[in-house]
Amino acid sequence: MSKSARNRQKRNNPLVQSGPPWGAIAFFTVIGVIVTAAVAFAAWQAFKPVEPIAGLIERDGLERGHVTTKIEYDTNPPMGGKHNAVWQNCDGRVYDQPLQNEHAVHSLEHGAVWITYRPGLDSKALGKLKDRVSNTDYTMLSPVPDQDSPIVLTAWGKQLKTDDADDDRIDAFLRAYVKGPQTPEPGAACIGGKDTP
Amino acid sequence: MSGAARAETAEHEEGVENAAPAAPRGRTLSLVLAGLVVLIAVAVVAAAALRPSVPGPDSPEAGFARDMSTHHAQAVQMSFMIRDASDDEKIRTLAYDIITTQSAQIGMMTAWLDAWKAPKVDPKGPMRWMSGHGGHGGGSGAAMPGMATDQQLKELESAEGKDAEVLFLKLMIAHHRGGVEMAEAVLARTDREEVERLARTMVEGQSAEIELMTSMLRERGAA
């Protein structure tokens, strides 16, 4: 038998191939890449960071003591701090008059989101805010005469300013912060407190 | 068989023997790679199977947890009102029972939402999970079965003695019936063990209390 015939025979029989098995390597490499991609995708799905709300203002180190006096808060509306022992009822409550900050801040401590508007907001936009609030437990709505934005959403240590009642960030803020992880006193009530402005 | 063919066969056998030491190298590599792939595949499947799947933010379970929390909160509120307005020990004990039980259950349902990373409210409106029951509601609580109106709450708050007791019993019977309805609605929509368990205790507990309150109403000649 000639040398070439012997070589041909070796090539034809896979058991006798002596070089690296390129086919197998390629095959399993492709599978490996696919599996790695799948695992990475699953991990990203499971641990992807929550999308932050654009324009979110945050404060920490807010005090939590009870007072019976007036407090000078350094933001308007206040984002937290010392407050009155009685919370403002916040069970999806619409108030037509300004609230006393000291009571409203206590509601923030209970996990409420306080939506405030500057008087003069057009009635259609105000109607939308009233709808939102009256359909959403642990929220309350009230006017704040001298706030610097037409609409402000406030949770304990979180605030969002907007001039649009249709802003998508409003629902995002409600989903994130009504009884959200920022709540200093989880489980506390939004009824049984101060019922009038 | 010709001489050439016999020689070829002999060559063949000899070839196999000669090549044998070379074969394991390629095969071992293939086997290792194949084993690796199988291991990874098993790990991925196991991770997917073991990773607890949780109800989504718009699931009936999450909707139930949110809305039943609101529903329970009003029962707690009315129970405090009657404890302030009545001296009757049986009524006050019932109210104490409702306050402690339903407050604790609000905590349990809130913990579910925390664990499921689901929002505590649905800005699109309450009760969407229980189709055919109002859907989008008007004012707060209007769409939830058995909820007392703001006006009824005011009446209860200003009532005293037996009047307050009768009003409380009537409002709470309606409230519990609505609660049972909501708990039964989620039982028809879920197979989550923790949800089924709590909802079943609500159906049984509140049904028993409806009977008790009905007999209390009868004692007051108001059934």
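The chains referred to below are lettered A, B, ... by the order of the sequence lines, with proteins before strands, and numbering in each begins at 1. All of these numbers come straight from a predicted model, not from anything done at the bench.
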Surrounding [atom1] of [X] (heavy atoms of other residues, nucleotides or ligands, distance under 6.0 Å), is the total greater than 12?
{"X": "B:Asp84", "atom1": "CG", "answer": "yes"}
{"X": "A:Asp60", "atom1": "CG", "answer": "no"}
{"X": "A:Lys82", "atom1": "NZ", "answer": "no"}
{"X": "A:Phe27", "atom1": "CZ", "answer": "no"}
{"X": "B:Lys170", "atom1": "NZ", "answer": "no"}
{"X": "A:Gln147", "atom1": "CD", "answer": "yes"}
{"X": "A:Arg64", "atom1": "CZ", "answer": "yes"}
{"X": "A:Asp146", "atom1": "CG", "answer": "yes"}

For [X], is it the side chain, the backbone, both, or neither that has a heavy atom closer than 4.5 Å to a heavy atom of chain B?
{"X": "A:Leu174", "value": "both"}
{"X": "A:Ile25", "value": "both"}
{"X": "A:Val39", "value": "side chain"}
{"X": "A:Arg175", "value": "both"}

Determine whether B:Thr110 and A:Pro186 make a side-chain contact, defined as any pair of heavy atoms from C-beta on separated by less than 4.5 Å.
no
When you compare the side chain of A:Asn135 with that of B:Pro126, does any pair of heavy atoms fall below 4.5 Å?
yes
To the nearest 0.5 angstrom, please state how far the [atom1] atom of [X] sits from the [atom2] atom of [Y].
{"X": "A:Lys179", "Y": "B:Ile106", "atom1": "NZ", "atom2": "CD1", "answer": "7.0 Å"}
{"X": "B:Thr70", "Y": "A:Ile191", "atom1": "OG1", "atom2": "CD1", "answer": "9.0 Å"}
{"X": "B:Lys120", "Y": "A:Asp137", "atom1": "NZ", "atom2": "CG", "answer": "12.5 Å"}
{"X": "B:Leu31", "Y": "A:Phe28", "atom1": "CG", "atom2": "CZ", "answer": "8.5 Å"}
{"X": "A:Ile31", "Y": "B:Leu33", "atom1": "CD1", "atom2": "CG", "answer": "10.0 Å"}

Quick check on B:Ala43 against chain A: is it the side chain, the backbone, both or neither that has a heavy atom closer than 4.5 Å?
neither
If you count heavy-atom pairs within less than 4.5 Å of chain A, which of B:Pro57, B:Ala118, B:Ala41, B:Pro123 leads?
B:Pro123
Option that, when pairs with chain A are counted at under 4.5 Å, heavy atom only, ranks first among B:Arg66, B:Gln77, B:Lys117
B:Gln77
